[in-house]
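Beneath this line is the structure, given in structure tokens, with notes to follow.
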Protein chains: 2
Amino acid sequence: MYEITFNLKKLSFDLTSFTEENYLKIIYLLTERNNGNEVSTNDLAEQTQTKAASVSDMLRKLADKSLINYKKYQGVTLTTDGEKIALSVIRKHRLWEVFLVNKLGFGWDEIHDIAEQLEHIDSEDLTNRLDTFLGSPKFDPHGDPIPNSQGQMPSVVYHRLSEAPLNKEVAMTGVSVHSPAFLQHLDKLQIKLGCTLKVLEISEFDKSLNVILNNDSSLFVSYEVAKNLLVK
Amino acid sequence: MYEITFNLKKLSFDLTSFTEENYLKIIYLLTERNNGNEVSTNDLAEQTQTKAASVSDMLRKLADKSLINYKKYQGVTLTTDGEKIALSVIRKHRLWEVFLVNKLGFGWDEIHDIAEQLEHIDSEDLTNRLDTFLGSPKFDPHGDPIPNSQGQMPSVVYHRLSEAPLNKEVAMTGVSVHSPAFLQHLDKLQIKLGCTLKVLEISEFDKSLNVILNNDSSLFVSYEVAKNLLVK
DNA sequence: ATAAAAATTTAGACTAATCTAAAAAAATAT
DNA sequence: ATATTTTTTTAGATTAGTCTAAATTTTTAT
């Protein structure tokens, strides 16, 4: 018989840090979406799938730890410490997404829930080795930028296809919605990161766009789709 | 600005399943070490790094869920359902260890704590793709067998170097202790999985062994080391 | 066989994250 | 400007996993 294969330092997973990381990540992303303005309790409740009351409790705790700037009824922003944690989680999330797609062959519509779990694995060494193994990618499979190991998020300028000038070829660089349904729809249209698009015409009736894909085939995309296609 | 990059189904990590999985895994490994006999509350408390009282509580819960066979004061064994979960966790643990060593270049002494976290990632699809990506390995970097996707653990017969016959060349197939200190010691001796060993002599004084490594160099290993080297 | 020791369980308490319901504050609309 | 609505916070409760201390059961030693 052989010895036990493990020497646990702690059995119980640290739910606290998991939960904290989630709140901080969500605050970061909602702040970004909000052009840097405070995030509201209700928005957080929606994104965390909890109730506003639970969010209020948690905000007090995070503020006690100096991870957020919080004044009652005034919404929150991240402190430098809080942002550091948020960026580390986002870096891990996006690197794992690259792994799942580039190494394991997952589709971009299948990786979100798994990356949600992997993003909390706690090992800087692992994260940096993974980064190297993947060739230090700058963008994840949805086109989102990957913060570097110093916790710096590359700033990227986005334009939406729905606002692109007519008859100008642009490259598809990202999506602003990550739902499997949207991503699968793009798969069907053969629209993927890096493809080129040229808007020929916008319908007055439903705002749908007639576009040329890869300087080759012509197709129609709805305004809903065009609004969430990021191009440059 | 772009939309939030996630659509959480649940924010809070399921601590219950994490904890449950840990207990089941530990019960499996301790039962194996015990030749299939019941595992005691105290042994579980030691391995889980908790107190006996906490273990008692948890055993009642696991028994309520029909994951273990438990009669008060009599120790526990896994039910079929419990064993299924345990083997799935062990499979994931060992596959991730292979990934960490073979793909990311970690040493076998560095991977335990990371695999402890990765083993709880919940996605059968991920596990099976990882298995394929790694070439469906049968053993982890410590020589421990990897259960297959049907939850079957290959049965492996172990012998300890300390009990090997004299002057017979044997192959090193595993270790029965996984502490970094032990593994690093083996690294220094250049003893690794697959190497060959021939015991020339056992000292009457301290039971240390004079062995030939790889049919080449001669070295001494202590009884403590030889006891934890598995060979065939 | 029984007394002492060891192992295990129970009782009661604590913490973190959540909830519902109620109260309070801020925003909105007339 | 004030009444109404919406948002946010507080109060009090719940659950899971843990703890210490006390009680109980089993094992060991004479």
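Here is the naming used below: chain letters follow the sequence lines, and residue numbers restart at 1 for every chain.
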Look at the aromatic rings of B:H178 and B:H142 and report parallel, tilted or perpendicular, splitting at 30° and 60°.
-> perpendicular

Per B:M58 side chain, nearest of listed nucleotides C:dA16, D:dT18, D:dT8 | D:dT18

Compute whether any side-chain donor of one residue and acceptor of the other, for A:S208 and A:D206, lie under 3.5 angstrom apart.
-> yes

Under-4.0 Å side-chain N/O to phosphate OP1/OP2 contact, A:Y23 with C:dT18 = yes

So does A:E224 pair up with A:K227, basic N to acidic O under 4.0 Å?
-> yes

Whole angstrom is fine here: how far is it from CD in B:E21 over to C1' in D:dG17?
-> 16 Å

When rounded to whole Å, the CG to P distance for the pair A:D43 and D:dT7 reads 9 Å

Could you state the atom-to-atom distance from CG of A:N22 to C1' of C:dT18 in whole Å?
-> 14 Å

How long is the line joining CG of B:L15 and P of C:dT15, in whole Å?
-> 17 Å

Using a heavy-atom cut-off of under 4.0 Å over every strand shown, decide if B:S56 touches base, sugar-phosphate, or nothing.
-> base

Exercise: do A:N228 and A:S176 side chains pair donor with acceptor under 3.5 Å | yes

Taking the six-membered ring for Trp, are A:F133 and B:F99 parallel (under 30°), tilted (30 to 60°) or perpendicular (over 60°)?
-> perpendicular

Hey, is the side chain of A:N42 poking within less than 4.0 Å of OP1 or OP2 on D:dT6, counting only N and O atoms?
-> no

Side-chain heavy atoms of A:M153 within contact of A:E83, under 4.5 Å | no

For the pair made of CG in B:D57 and P in D:dA22, what is the distance, rounded to whole Å?
-> 18 Å

Identify, between A:Y73 and A:E20, the residue whose nearest nucleotide on DNA chain C lies closer to the 5' end.
-> A:E20

Is the shortest side-chain N/O distance from A:Y70 to OP1 or OP2 of D:dT9 below 4.0 Å?
-> yes

For atom CD of A:Q49 and atom P of C:dA17, their distance in whole Å | 18 Å

N/O (side chain, A:K72) to phosphate O (OP1/OP2, D:dT10) under 4.0 Å = yes

Verify the contact: side-chain N or O of B:K51 to OP1 or OP2 of D:dT18, cut-off strictly under 4.0 Å; return yes or no.
-> no

Any B:T50 side-chain nitrogen or oxygen under 4.0 Å from OP1 or OP2 of D:dG17 | no

What is the distance, rounded to the nearest whole Å, between atom CZ of B:R60 and atom C1' of D:dA16?
-> 11 Å

Nearest to the side chain of A:T19, which nucleotide is it out of D:dA16, C:dA17, D:dT26?
-> C:dA17

Whole-Å distance between D:dT9 P and A:K71 NZ?
-> 13 Å

Out of D:dA16, D:dT20, D:dT8, which nucleotide sits closest to the side chain of A:T41?
-> D:dT8

Under 4.0 angstrom, heavy atoms only, what part of the nucleic acid is A:S54 near: base, sugar-phosphate, or nothing?
-> base

Establish, with yes or no, whether the OP1 or OP2 oxygen of D:dT15 is under 4.0 angstrom from a side-chain nitrogen or oxygen of B:T16.
-> no

